[in-house]
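Let me begin by presenting the structure, written as structure tokens, before commenting on it.
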Amino acid sequence: MTLLRIENLSLKIRGIPILNDISMSLDEGRVLGVIGESGSGKSMTAFSILQLLPKGSTTTGRLCVDGLDTLEASEEDLCKMRGNDVSIVFQEPMTALNPLKNIGQQVAESILIHEPNTKRSDALERAQEALQRCELPASRFPTTLYPHELSGGQRQRVVIALAIALRPKLLIADEPTTALDVTTQAEILGLLKRLVEEDGMGLLLISHDLAVVADMADDIVIMKDGQIVESGAAASIFQELKHPYTRALYEASSHVPERTQQSARRPLLTVRDVVRDYQLPRRSLFSAPEHFRAVDHVSFEVFKGESVGLVGESGCGKSTLTRAILGLEQIQEGEVFLNGTVIQHGKQMKHSLRRQMQAVFQDPYGSFNPRHHVGRLISEPLHLLGEAMTTIDKQETIAAALRAVGLTSDDQYKYIHEFSGGQRQRIAIARALIVEPELILLDEATSALDVSIRAQILDLLADLATTRGLTYLFISHDLSVVRSITDRVLVMSAGKIVEEGATNDVFERPRHAYTKELIAASPTLP
Amino acid sequence: MTRYILTRLSSLLISLVIASIVIFGLIEIIPGDPAAFMLGINAQEDTIDALRAELGLDASPIARYFAWVSGMVTGDFGTSYTYRTPVTEMIAERLWISLPLALIALALSTLIAFPVGILAASKRGSITDTVIMGFTQLGVAIPNFWFAMLMVLVFAINLRWFSAGGFPGWDDGLFAGLKALTLPAISLALPQASILARVMRSALIDTLDEDFMRTARAKGLTQRQAIRRHALRNAMIPVLTIIGLQFSFLLAGAIIIENVFFLPGLGRLIFQAISQRDLIVVESVVMLLVFAVIVVNFAVDIAYALVDPRLRRKA
């Protein structure tokens, strides 16, 4: 039976068209995957179904959920539908739960809203069952826990539990695993699949990640700029790749930039036996504080001209290690050398040393001061060169750096909000390049980008490495990206490097159990 | 939770000790000998010395500090240099006006600010919101003594509903006392309510944009229910901070309003004591106010923990 039928849905928010003539349908017990890049309107489609749209939205067309036309329905009917017939799971498990209420209260609330005559204790008991179904056993996860006591994956299970507590007919999952690690992602996807089978729910799975959707969906809709470009059965879509956009998306997802390996056997970065301990709060007033070892005797070398990947899940210590290499973190043992010079922690690094090493971070918006124009932003590292530049020289240097990353010299007079995500990341790269460093640390530098933009940035990085002989340390949780751009890879788990080797060897013949688990968990394109 | 309270409590005690040292030290530095001041310019040197000995001013500063602190702990604040009456009595008498006044003003301010702030936030951007924000802007801008005089003009002189000032004392009955405090409390509450309403509004608006509010709506709660069940408690943290600051201010800072309404409160007591160089009264009242501020902050800290489970560390 058809559960969800969307016919010619169009949406405008304050006059700006967001969705244009969307049609799709979903039957009970089936999984419909909606794929699209940011701005394609995939989340707005989900919010249209629930009618939780921002102020100033106008919709036309028809949108039927289990016989109820949600575009025409009263707010009262919609409230009865939400959480009861249709539920949604969001992207951000860290913020999707009320921090002040325990998880039992939050799951039980879903039940109490729709069945107000239920006794509180019964509702709590049913909440416990729902949590149990989401693999949060009562023995380890009592209902009295608060969200801050749970990890991201566990919180996402709570969000799923409160969504399925009343066994809805339709479940919408909007990027449910994007914020999670690969192994957690695999578990959550498995859980969703199991729940769909057990309850015969329809699942609308929204994602930017082709591989995630390909694993799960029976049917697929591909969206771009508020329109559907292609739809059909999952198997045939990926086999035929008929539409040029689908093909472009597919190719971008598995894009491998062209690179020439040019590593010399001269070590550029040497990390020797580095240890980083964090002091934990004292258990009682007089006990000695305990320590958490974030980085545990890590040693490796990066050779000049090489591209090395550092992979691991959140909390494994890779960001701490990155900061230690940059000299921004106090280390307790060990040493870090750059070009043979030791990096002194806790002291102002010599300018001549600092300029040899630059970093590009994940969030291209958050890492820029929005009140400075681009010229000033990217010329900031220039003081490291030690000699005062004339204005003309400076402008020439800025223009050259912008051109090197595919922007124009006029872009230096604009502000950061005038650029798209991909362009911002190009500006971040330009800022790193401007002092002509030898080593660039790329900390999740492509993780926030859409696949097509990511492919372009990877090409740019490969290109710059070839023309300028740059060395990269590529820190990421995204295995496919690391695989496509690195020569050598280090796998980090619980503060230790558990495996190290040539990228292809490690991916094809992983030796350590953790590496095997990581590779098995990461979704692959058909 | 117990550990949290103990930590807060120890920081409260440390603050009190530091405050007492600072206050005592400052009074020591201030020039002018109370004994000489009390006896006037024609007094003999030995008469002054005798008075100094009587007042205990000839002891070493450290001994006097400990005498002062141990006296306060037992409720003995010493004797006023000017009036020769126990400071404890003077303070107690004034506190019976200032404390109820501050409490009434705070209650009024909260009662006005909460609904108004919530209404403005839930109708953000609407006419209602704009009008409310306009009025609170006005409430912050108007000097409260001017507003107080306006109220005296309207309610005391023209309508004759209230008296224009003075305090009959609580012996005349609760109603008479409350009546005398009504106009002053309203004048004190107006700017506080305006500030608090604005804080409430912006805190609530921040909370409304949180992801968990979207989750609440997706569960099937109406906008109203979602605000009541999920947003309000989350918006309380900044609001509690402001309420704490306001209470301290209302207790000590009512001096202008006390003057307008001719109320014998703490503010006027300290003002008179300073001009008469009655340093022991100044010392004691300031210490009392510091104590009140620190205790209120402690109460606010405890309230934070009650609201937010993330602050209650497991014992």
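Please read all numbers here as calculations on a predicted model, not as lab measurements. In what follows, chains carry the letters A, B, and so on, assigned in the order in which the sequence lines appear, proteins first and then strands, with residues in each chain numbered from 1.
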Expected output: side-chain [X] to main-chain [Y] donor-acceptor under 3.5 Å:
X      : Y      : answer
B/Y4   : B/D301 : yes
B/R198 : B/M133 : yes
A/E175 : A/H208 : yes
A/S48  : A/Q51  : no
B/S70  : B/F66  : yes
B/R217 : B/L221 : yes

Testing the basics here: between B/A121 and B/L208, what is the closest heavy-atom pair and its distance to 0.1 Å? O-CD1, 3.9 Å

To check you understand the geometry: which heavy-atom pair defines the closest contact between A/A130 and A/I164, and what is its length? O-CD1, 4.5 Å

Distance-only donor-acceptor check, side chains [X] and [Y], under 3.5 Å:
X      : Y      : value
B/Y304 : B/T241 : yes
A/S43  : A/D174 : yes
B/S109 : B/Q192 : no

Proximal to chain B - members of residues 95-106 of chain A, heavy-atom separation under 4.5 Å: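 Residues in range: A/T95, A/A96, A/L97, A/N98, A/P99, A/L100, A/K101, A/Q106.
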
Going by residue number, which parts of residues 107-118 of chain A are within reach of chain B, meaning a heavy-atom gap below 4.5 Å?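 Result: A/E109, A/S110, A/I113, A/H114.
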
Contact list (residues 5-25 of chain B to chain A, heavy-atom gap under 4.5 Å, by number) returns none

Interface residues of residues 222-237 of chain B facing chain A - non-hydrogen atoms under 4.5 Å apart: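 The list, in residue order, reads B/T222, B/R229, B/H230, B/R233, B/N234.
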
Over 12 foreign heavy atoms within 6.0 Å of CZ, B/F135: no

Basic-acidic side-chain contact under 4.0 Å: [X], [Y]:
X      : Y      : value
A/E76  : A/R82  : no
B/R124 : B/D129 : no
A/R133 : A/D199 : yes

Is the shortest side-chain heavy-atom distance between A/T178 and A/E92 below 4.5 Å? no

Sort A/K55 into side chain, backbone, both or neither according to what part of it lies under 4.5 angstrom from a heavy atom of chain B. side chain

Output, in order, the C-alpha distance, side-chain angles, deciding distance and verdict of side-chain contact (heavy atoms from CB on, under 4.5 Å) for A/L180 and A/I188. CA-CA 9 Å; A/L180 304 172; A/I188 295 286; 3.8 Å; yes

